[in-house]
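Order of the sequence lines sets the chain letters (A, B, ...), proteins ahead of strands, with each chain counted from 1.
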Amino acid sequence: MMKKDFFAQTVHGAIDKAIEDKKLGNLEINNFTPICEIPKNTQFGDFAINVSSLARDAKMAPPLIAQNIANYIEYKGFSVNTVAGFINFKLEEDMLCDITRDILDKKESYCASDVGKGEKVNLEYVSANPTGPFHIGHGRWAALGSSLANIMNYCNYNVYQEFYINDAGNQINKLARSLELRVKEQKGEKVEWEEDLYPGEYLIDCAKRYIESGSSESYGDFAKKDMLRLQKELLKTFRVNFDCFFSELSLYKNDEVEKCVKELEDKGKLYKKDGAVWFRSSEYTDTQDRVLKKADGSNTYLTADIAYHKNKLDRGFERLINIWGADHHGYIARIKASIDALGYDSSCLEVLLGQLVNIIQNGEQMRMGKRKKMVTLDELVEEVGVDATRFWMLMRSIDTTIDFDIDLAKSQSDKNPVFYVQYAHARACSILRKAVEKRLDTENKKELEPLFSQDEIDKIDKNIDIKGLFDEEKGKESIEATRALILKLEESIAIVEAAARLRAPYLLCKYSQELATAFHHFYNYSRVLTDDKKVSSQRLALTKCFKIILGKILNLLGVSAPEKM
RNA sequence: GCGUCCGUAGCUCAGUCGGAUAGAGCGUUGGUCUCCGAAGCCAGAGGUCAUGGGUUCGACUCCCAUCGGACGCACCA
């Protein structure tokens with residue numbers, strides 16, 4: 001159990017007893033949920049619970065309430081002090097040692113939790129048109145979705161990652177026409193470009209491949225496949241692994257779209273107006289009704305999307321999570337309306353609306369998604385690397401617009417926070433390596449035997465006792481840095497759980513930086529490899545813990561944890 | 001006009017639940033390697049939390065209004 005929950009439970013139990021003994025004034029029922037937090041000022045303690053809000057019902061002053069509750073707490077492994085309305089807890093050495101042992105015991109699974117309770121989740125993201133390369137915005141959704149899937153799976157959600165291929169609309173005709181013109185150009189014909197096509201140069205390469213392959217496929221089919229292939233390749237490089245690429249076209253081929261329309265019609269949710277078929281979405285939370293079939297008889301994008309969401313629900317998912325750009329927010333109400341209209345419960349659909357990414361180049365802001373001057377994700381990854389791109393995309397809350405300054409990312413790439421974090425990991429690895437390497441005695445210029453054998457390092461496990469690290473002789477700074485590192489390692493449980501629950505990978509980015517800082521402090525004040533073998537092995541144990549936890553966090557983010565840099 | 005998101009240090013952003021002295025990175029000023037990785041560490045400067053009201057013992061946090069910015073409001077996808 002994470003310490004926060006432990007102390008919250010402890011306080012809740014103490015309140016029960018205090019009420020029983022009538023020590024909390026007028027308070028008779030304990031419906032207080034203690035919230036345990038980490039004090040900003042560590043002088044107060046490692047954890048704190050504020051009980052001030054009991055003051056009103058108890059009709060007592062907060063300091064007295066805190067004191068009276070604290071009197072009923074059994075101190076075991078920690079000390080307690082009360083200040084104002086706060087009950088503060090400070091861990092004693094035994095408890096800190098237990099954390100270290102627990103990490104060495106559970107290793108990579110240390111910060112896993114059960115918040116998901118096995119919930120079957122469909123996570124749909126990226127879902128780009130197969131009409132060209134990804135732009136940088138897609139990179140944000142790709143990084144976010146894949147990382148969120150990692151985190152949620154780790155916390156016992158059962159996440160199925162899905163990419164919806166928009167391969168059925170008008171844009172495919174435009175793509176086909178664009179390729180046709182490029183092929184003609186390649187063959188030396190003079191062509192005239194029409195409005196609204198895809199003038200991107202990537203179709204020149206596609207045209208070359210088309211000619212080379214001697215394909216008899218239609219331009220549209222060939223271009224779609226080719227674009228999808230390129231998209232899949234990039235996703236792989238970008239460490240994004242979809243369980244399924246779901247084709248919009250397949251919904252038409254399987255007649256699911258028509259069946260869905262029929263079902264809505266049978267339920268009386270459709271009507272005709274101006275030659276079109278409308279869906280009564282305004283009966284739900286939508287602001288107005290929506291067209292499903294246009295006057296020309298073709299379906300709107302929404303129609304297939306309704307069928308798609310029905311398909312997902314019929315596959316047995318308990319929760320649908322969609323990651324959409326903020327420009328689609330107006331779309332949520334109509335999809336929810338359709339889910340309800342079909343007799344499902346729209347509260348199972350969770351839409352994560354991500355703010356957009358602005359590209360800044362040469363100090364000038366460019367809109368993403370404009371076909372000309374578009375910066376593609378390939379180019380960005382090529383220039384700044386997968387790790388930095390992913391970290392950069394993930395480190396901010398999705399509610400914040402990202403200004404991605406390409407020049408900054410390129411010119412100052414070593415100042416990117418991801419390097420700081422990776423450096424700490426490499427440093428820990430380096431120490432573990434050095435422990436088993438031969439050393440050079442600088443005074444006598446003699447080679448010394450390694451401090452440890454690999455076997456001894458491997459044997460630093462849950463049985464280790466690191467209590468000696470808190471002896472006064474180790475120095476105040478070293479003891480404080482050691483305590484802080486252990487506490488920060490323990491915090492991983494709460495952070496990972498919050499990241500899964502709040503669908504917020506950025507919390508891990510923030511935490512990884514804090515954890516790295518805690519390790520750097522520890523390193524600075526506590527020499528790991530010394531002639532005192534006992535102290536060395538104790539500090540190596542902590543180094544191992546750090547490597548395990550940071551490695552896991554980076555792994556969840558889809559960022560590499562290098563042994564060397 | 002309506003809706004969603006944002007406004008916190010020079011810049012980019014955290015601040016989970018309403019609580020103790022407002023937090024980090026970059027930038028800036030100074031210090032710090034004979035010794036495990038100085039891509040590090042330490043210290044300093046830098047704030048009217050957009051503005052005005054309200055709720056509360058207590059508001060960066062909740063509510064209302066105003067100002068400023070991004071995005072949307074299709075028989076496009």
Side-chain angles (χ1 to χ4, degrees), chain A residues 33 35-37 39-41 43-44 48 50 52-53 55-56 61-62 83-86 88 128-129 131 166 168-172 174 196 248 273-278 287-288 290-302 304-305 325-333 353-356 358 395-403 405 408 412 414-417 419-420 422-424 426-435 437 439 442-443 451 477 494-495 498-499 501-502 504 506-507 509-510 513-514 516-517 519-521 523-530 536 539-540 543 564-565:
Chain A
T33 30
I35 291 161
C36 185
E37 58 192 353
K40 282 168 204 141
N41 187 339
Q43 276 175 11
F44 290 117
N50 188 337
S52 305
S53 57
R56 191 180 308 161
V83 180
F86 289 88
N88 299 309
N129 292 336
T131 53
N166 299 142
N170 252 330
Q171 79 279 11
I172 299 302
K174 284 191 221 165
D196 238 16
E248 179 186 358
K273 193 180 91 181
D274 303 332
V277 177
W278 295 71
T287 49
Q288 62 179 87
R290 305 290 168 180
V291 170
L292 293 191
K293 272 186 188 301
K294 303 179 220 169
D296 68 4
S298 65
N299 291 304
T300 61
Y301 176 81
L302 174 65
D305 215 15
D327 51 341
H328 286 79
H329 88 267
Y331 199 77
I332 299 172
L353 273 189
Q355 296 299 311
L356 304 181
N358 292 319
M395 65 189 281
R396 287 178 198 149
S397 143
I398 65 167
D399 290 336
T400 305
T401 307
I402 293 181
D403 284 326
D405 189 324
L408 199 75
Q412 305 194 356
D414 57 338
K415 279 172 182 155
N416 193 307
F419 287 92
Y420 175 81
Q422 289 181 317
Y423 178 74
R427 182 181 245 180
C429 293
S430 169
I431 294 170
L432 288 162
R433 264 197 314 274
K434 282 261 156 64
E437 279 173 7
R439 300 163 298 155
T442 40
E443 277 177 35
L451 278 169
E477 276 102 351
I495 297 287
R501 193 164 35 84
L502 304 170
Y506 79 93
L507 293 173
C509 291
K510 194 170 146 258
Q513 294 174 74
E514 291 168 5
T517 299
F519 181 71
H520 285 311
H521 279 252
Y523 171 92
N524 258 279
Y525 292 116
S526 316
R527 197 181 163 80
V528 178
L529 302 176
T530 69
S536 298
R539 288 184 174 150
L540 278 169
T543 306
K564 285 180 187 175
M565 288 175 76

Task: Candidate pair A/Y420 and A/T517, rule side chain to side chain donor-acceptor pair (under 3.5 Å), full reasoning - done: CA-CA 9 Å; A/Y420 175 81; A/T517 299; 2.7 Å; yes
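Closest approach of A/S52 and A/G85 over heavy atoms only: OG-CA, 3.6 Å.
A/S397 comes within 4.0 angstrom of sugar-phosphate atoms only, judged by non-hydrogen atoms across all strands, and of no base. Using a 4.0 Å heavy-atom cutoff across all strands shown, A/N50 reaches at least one base atom of the nucleic acid. Within the nucleic acid shown, A/M395 has no heavy atom closer than 4.0 Å to any nucleic acid atom. Among the protein residues, A/A295 comes within range of the nucleic acid bases, having at least one heavy atom under 4.0 Å from a base atom. Within 4.0 Å (heavy atoms only), A/R527 reaches at least one base atom of the nucleic acid.
To the nearest whole angstrom, the two P atoms, one in B/G18 and one in B/C57, are 16 Å apart.
Counting only heavy atoms from C-beta on, A/Q355 has its side chain closest to B/C5 among B/U16, B/C5, B/A77. With distances taken from any side-chain atom of A/D327 to the nucleotides B/C75, B/A14, B/C71, the minimum falls on B/C71. Here B/A39 is the nucleotide among B/A39, B/C76, B/G19 with the atom lying nearest to any side-chain atom of A/Y423.
Base pairing analysis places B/G30 opposite B/C42; the two distances defining the Watson-Crick or G-U wobble pair are each below 3.5 Å. Pair assignment for B/A20 gives none, since no Watson-Crick or G-U wobble pairing has each distance under 3.5 Å. Nucleotide B/G68 is matched to B/C6 when pairs are restricted to Watson-Crick or G-U wobble geometry with both distances under 3.5 angstrom. Across all strands shown, the partner of B/G25 is B/C11, judged by Watson-Crick or G-U wobble contacts whose two distances both fall under 3.5 Å. Using the Watson-Crick or G-U wobble rule with both distances under 3.5 Å, B/G1 pairs with B/C73. Of all nucleotides present, none satisfies the Watson-Crick or G-U wobble test against B/U61 with each distance under 3.5 Å. Base-pair partner of B/C49: not found among the strands shown (Watson-Crick or G-U wobble, both distances under 3.5 Å).
Counting distance only, with no hydrogens placed and no angle test, the side-chain atoms of A/H329 and the base atoms of B/G3 include a donor-acceptor pair under 3.5 Å. Contact of A/N524 with B/A38 (side chain to base): no donor-acceptor pair of N or O atoms is detected under 3.5 Å.
Here B/G72 presents its C1' atom at 13 Å from CD of A/Q288, a figure rounded to the nearest Å.
For A/K294 and B/C76, the shortest distance from a side-chain N or O to OP1 or OP2 is below 4.0 Å.
Using modelled atom types, one finds no donor on one side chain facing an acceptor on the other under 3.5 Å when comparing A/T543 with A/Y523.
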